[in-house]
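This report refers to the structure that appears directly beneath it.
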Amino acid sequence: MNGKTSFFGCKRVAFFGLGKMGLPMARRLHDAGVPVVGFDLSGPARDAFAQSGGAVAANAGEVAERSDVLITMLPDGKAVRTALLGSEPLVAHCAANAIVIDMSSSAPVGTRELADELGGRGIHLIDAPVSGGVKRALDGSLAIMVGGPPEVVARVRPLLEVMGNSIFATGAVGSGHAMKALNNYVSAAGLTAACEALQVGEKFGLDPVVMTDVLNASTGRNNSTEAKLKPFVIPKNYTSGFSLGLMAKDLRTADDLARHLDVPAPFSEALIALWEEALDELSAAADHTAIDAYLATAARRHRRAR
Ligand code: NAD
């Protein structure tokens, strides 16, 4: 890899976090000809990227040093802050004017603070969280919500266009993360209602497949009725690829945002209480569609005990 600026407007992209989402996103960049080097704390995650022909680094600092763009696709904003400013801080290696794109679903207030801290060191931070899950990460059709100064966003837009096909400028830094948390709140509400409705309907004698068809042709339709009930919930395989722990984190982020802004959000509070109970009963690693299993068993037990 030479030091010339690539067609994508950057010399080299460091991609941190090669998990369920990061791996297919980094692969798309690599396949499109972007000079990308991947890094993950997990050896098997690094191996998976290397097996698909991607370059991987064993040393995060060394990757950051030679990259003008750093993408983070980590579990949450705390992990992003630790990677950038923790005990082995990536910022110590970043070139002046480097751009960090946090594509994780991080907390918006923390993102604003981090952007200020990095700005003081001459490093730009923009937030560009995604929606669409593993399937849309694989085919590059993610929705991407981008917060940050327009001139910085413009510099990395060609990279974002490799990973997503709906790219929304949401405003100042942090606004993408606020939008993402609120989107997932609405998404989790739709999933929870759909699972509950199916369980009530089934007990009354309705066929869940017929119910799903009716919902999808009626006003109850939402992303979960369209994309999650038949493949993951009705067969009870719970394999969508997005964990319960990460969804609960997003719900907590949305609820914290409402509190921070002093906006009453009673439905959000009820929903987060239910998902946190599910987290205690199941595990953070369980699939988020397993909220259905929680509703079917544990929630019923809780109701009897009350
Ligand atoms: P994941 O747990 O599969 O992957 C996270 C990866 O980050 C892991 O491989 C972990 O080893 C790595 N990691 C943690 N700290 C690191 C560090 N300091 N340096 C390098 N690597 C590090 O999670 P995921 O499902 O890929 O989700 C990633 C982010 O995307 C989360 O914020 C999640 O909320 C969001 N998201 C997920 C989905 C989905 O469908 N899975 C969809 C949209 C958004």
Side-chain angles (χ1 to χ4, degrees), residues 20-21 105 129-137 142-143 178-259 263-306:
K20 289 190 200 76
M21 291 295 284
S105 305
V130 306
S131 184
V134 174
K135 192 162 166 268
R136 285 169 60 186
L142 290 167
M179 183 63 239
K180 170 65 187 172
L182 294 170
N183 173 75
N184 277 24
Y185 161 55
V186 174
S187 169
L191 173 65
T192 310
C195 292
E196 215 173 69
L198 246 54
Q199 290 175 20
V200 175
E202 211 173 345
K203 191 137 196 209
F204 191 73
L206 286 163
D207 178 337
V209 173
V210 174
M211 280 188 78
T212 305
D213 291 338
V214 175
L215 289 169
N216 286 337
S218 309
T219 51
R221 183 178 73 231
N222 64 40
N223 173 264
S224 294
T225 65
E226 286 182 329
K228 297 179 187 172
L229 295 186
K230 285 190 184 177
F232 312 122
V233 173
I234 295 174
K236 304 202 183 301
N237 57 42
Y238 309 133
T239 55
S240 77
F242 180 46
S243 73
L244 186 79
L246 289 179
M247 181 61 108
K249 175 253 317 181
D250 293 337
L251 289 174
R252 175 51 63 210
T253 303
D255 198 55
D256 285 348
L257 184 62
R259 282 167 194 268
V263 177
F267 186 52
S268 164
E269 277 172 32
L271 197 67
I272 184 67
L274 194 136
W275 279 72
E276 283 181 348
E277 279 168 24
L279 201 55
D280 287 344
E281 279 283 333
L282 303 171
S283 77
D287 196 82
H288 79 292
T289 55
I291 191 69
D292 173 65
Y294 173 75
L295 290 168
T297 55
R300 193 175 298 156
R301 267 204 320 277
H302 279 259
R303 182 196 263 178
R304 281 204 202 105
R306 261 187 243 132

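Between Ala189 and Phe267, the shortest heavy-atom contact is CB-CE2, 3.8 Å. The shortest heavy-atom contact between Val134 and Lys20 is CG2-O, 3.9 Å. Taking each heavy atom of Ala254 and Leu182 in turn, the nearest pair found is CB-CD2, 4.3 Å. Contact record, Leu257 with Ala178: CD2-CB, 3.8 Å, taken as the closest heavy-atom pair. Looking at every heavy atom in both residues, Ala248 comes nearest to Ile272 through O-CD1, 3.6 Å. Across all non-hydrogen atoms, the minimal contact from Ala285 to Ser243 is O-CB, 4.3 Å.
Checked against ring-ring contact (aromatic ring centres under 6.0 Å, His included), Phe242 has the following partners two or more places apart in sequence or in another chain: His288. Under the rule for a side chain to side chain donor-acceptor pair (under 3.5 Å), the partners of Asp213 that lie at least two apart in sequence or sit in another chain are Lys230.
In terms of modelled atom types and a separation under 3.5 Å, the side chain of Glu269 and the main chain of Pro264 share no donor-acceptor contact.
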Apply the test side-chain contact (heavy atoms from CB on, under 4.5 Å) to residues Met247 and Leu191: give CA-CA distance (whole Å), side-chain angles for both, the deciding distance (0.1 Å), then the verdict. CA-CA 11 Å; Met247 181 61 108; Leu191 173 65; 5.6 Å; no

Apply the test side-chain contact (heavy atoms from CB on, under 4.5 Å) to residues Cys195 and Val233: give CA-CA distance (whole Å), side-chain angles for both, the deciding distance (0.1 Å), then the verdict. CA-CA 8 Å; Cys195 292; Val233 173; 4.0 Å; yes

Evaluate the criterion side-chain contact (heavy atoms from CB on, under 4.5 Å) for residue pair Val186 and Asn183; output intermediate values, then yes/no. CA-CA 5 Å; Val186 174; Asn183 173 75; 5.6 Å; no

With side-chain contact (heavy atoms from CB on, under 4.5 Å) as the criterion, how do Leu198 and Thr212 come out once you've worked through the C-alpha distance, each side chain's angles and the decisive distance to 0.1 Å? CA-CA 8 Å; Leu198 246 54; Thr212 305; 4.3 Å; yes

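Distance CG/Leu271 to OG1/Thr192: 4.5 Å, rounded to 0.5 Å. With rounding to the nearest 0.5 Å, the separation of CE in Met211 from OG in Ser218 is 10.5 Å. Here the CG-CD distance, from Asp207 to Glu202, works out to 8.0 Å after rounding to the nearest 0.5 Å. Note: Asp250 CG to Arg252 CZ = 12.0 Å, rounded to the nearest 0.5 Å. Distance check, rounded to the nearest 0.5 Å: CG of Leu282 to CD1 of Ile291 gives 7.5 Å. Expressed to the nearest 0.5 Å, how far OH of Tyr185 lies from OG1 of Thr253 amounts to 14.0 Å.
Counting heavy atoms from C-beta on, the side chains of Val200 and Leu206 never come closer than 4.5 Å. Residues Tyr294 and Leu274 form a side-chain contact, since some pair of their non-hydrogen atoms from C-beta on lies under 4.5 Å apart. You'll find the side chain of Ser240 stays beyond 4.5 Å of the side chain of Lys228, heavy atoms only.
More than 12 heavy atoms of other shown residues, nucleotides or ligands fall within 6.0 angstrom of atom NZ in Lys236.
For the 3.5 Å distance criterion, the side chains of Asp287 and Thr239 fail to qualify, holding no donor opposite an acceptor.
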